[in-house]
Protein chains: 2
Amino acid sequence: MATPSALDRTLAALADPTRRGVVDRLRQRPHPAGELAAAFDMSPPAMSRHLRVLRQTGLVEERIDAEDARVRVYSLRPEPFAALRGWLEEVESFWSGQLGAFKAHAERTRGPKGRRS
Amino acid sequence: MATPSALDRTLAALADPTRRGVVDRLRQRPHPAGELAAAFDMSPPAMSRHLRVLRQTGLVEERIDAEDARVRVYSLRPEPFAALRGWLEEVESFWSGQLGAFKAHAERTRGPKGRRS
DNA sequence: AGACTCGTTAACGTCAGGGTGAATGATTAA
DNA sequence: TTAATCATTCACCCTGACGTTAACGAGTCT
């Protein structure tokens, strides 16, 4: 794949436990980069790279702190999450919408012919 | 992290383009393993490992074909997708639910200095 | 029984991803 | 100006994930 889709990059970004932890933490409030590094017991360079990945997929954005221009404050951006949810709902339409899918689900929950362990 | 959360494993599974492609393909109908390997121009062992990852996260399930017991038919399972959507909606509540978050979004879309009315 | 097919596991090579410490750039404080 | 701080990029190591071929187990067919 020469250029992975935006969805691929979003999922790859969120697959890392540290980055997903950062997202969860940013749900509370925006955080400075250093604060995030400390919170995850990680060197500043390591966190900086994670933040770059999140930034490049548009999941977070960086802003310069108003009171101290050395500090970079990170916060969440909605667009990639919405795109991911769009794909997810498309996949889930496999069940909610279709008759054959419902039958497949019924078969699965009750066992195709004989039940297996 | 000793044991990554189910959500981490789901996201990691979906982050791979091949595996996400498999999921997209299974939306149409269940497929035998060999058919999937051929569809993605990949050796059977490689596809087998992808399917194992998807199986271990509960994203797909394997069944023995009724007419030929050598064939393993794979189909989608709803639970992990629902869990992922649950987390996603939680994250998205960052915007839809909160006052401070709304303010943050407003600031972001129209500039930090707030050149409003 | 023996030959053939489907799919898996085993063994191995390769490469990207994530970690560290050192160096750099920008800003603030003395 | 000089020193200290925040965060980045740079250079490097190292584990883990993905791909291959070969070998194996299970099932079908003649």
Send over the distance from [X] [atom1] to [N] [atom2], rounded to a whole Å.
X: A/Phe40; N: D/dA7; atom1: CZ; atom2: P; answer: 15 Å
X: A/Arg20; N: C/dG17; atom1: CZ; atom2: C1'; answer: 18 Å
X: B/Arg9; N: D/dA17; atom1: CZ; atom2: P; answer: 13 Å
X: B/His31; N: C/dC6; atom1: NE2; atom2: P; answer: 17 Å
X: B/Asp65; N: D/dG27; atom1: CG; atom2: C1'; answer: 12 Å
X: B/Gln56; N: C/dT9; atom1: CD; atom2: C1'; answer: 13 Å
X: A/Asp8; N: D/dC18; atom1: CG; atom2: P; answer: 13 Å
X: A/Leu51; N: D/dT9; atom1: CG; atom2: P; answer: 11 Å

According to a strict under-4.0 Å criterion, is A/Tyr74 in side-chain N/O contact with OP1 or OP2 of D/dT8?
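Result: yes.
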
Within residues 46-60 of chain B or reaching into it, pairs that qualify as salt bridge (charged side-chain N to carboxylate O under 4.0 Å, His left out) - sequence neighbours excluded:
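For residues 46-60 of chain B: B/Arg55-B/Glu62.
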
Looking only at non-hydrogen atoms, find the nearest pair between A/Ala13 and A/Thr57 and report the distance.
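Heavy-atom minimum between the residues: CB-CG2, 3.9 Å.
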
Determine which pairs satisfy ring-ring contact (aromatic ring centres under 6.0 Å, His included) with at least one residue from residues 50-83 of chain B, sequence neighbours left out, and list them in order.
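Pairs touching residues 50-83 of chain B that pass the test: A/Trp95-B/Phe81.
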
Going by the rule side chain to side chain contact (heavy atoms under 4.5 Å, CB included), which residues pair with A/Ser48 if we only count those two or more places apart in sequence or in a different chain?
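Expected list: none.
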
Can you list the residues that meet the side chain to side chain contact (heavy atoms under 4.5 Å, CB included) rule with B/Ala12, with sequence neighbours excluded?
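In terms of side chain to side chain contact (heavy atoms under 4.5 Å, CB included), with neighbours along the sequence ignored, B/Ala12 is linked to A/Ala15.
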
Any side-chain hydrogen bond (donor to acceptor under 3.5 Å, both in side chains) involving residues 28-42 of chain A? Give me the pairs, sequence neighbours left out, ordered by first then second residue.
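Counting only pairs at least two positions apart or across chains, the side-chain hydrogen bond (donor to acceptor under 3.5 Å, both in side chains) contacts touching residues 28-42 of chain A are A/Arg29-A/His31, A/Arg29-A/Glu35, A/His31-A/Glu35.
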
Just report the end-to-end axis angle for the helix from C/dA1-D/dT30 to C/dA30-D/dT1, five pairs per end, to 10 degrees.
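Here the local axes at opposite ends form an angle of 20°.
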
Could you write nucleotides 18-30 of chain C as a row of B, S and -, 5' to 3', where a protein heavy atom under 4.0 Å of any base atom gives B, of only sugar-phosphate atoms gives S, and otherwise -?
BBBBB----BS--

Other hydrophobic cluster members with B/Ile64, side-chain heavy atoms of Ile/Leu/Val/Met/Phe/Trp/Tyr under 4.5 Å, chained?
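Members besides B/Ile64: none; it forms no cluster.
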
When Ile, Leu, Val, Met, Phe, Trp and Tyr are grouped by side-chain heavy atoms lying under 4.5 Å apart, directly or through other members, which residues fall in the same group as A/Val73?
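Direct or chained contacts put A/Val73 with A/Val71.
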
If the threshold is 4.0 Å, N to carboxylate O, is there a salt bridge linking B/Asp65 and B/Arg72?
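No salt bridge links B/Asp65 with B/Arg72.
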
For B/Glu35, report the nucleic acid contact type (base, sugar-phosphate, nothing); a contact means any heavy atom under 4.0 Å.
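Nothing, no nucleic acid heavy atom in range.
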
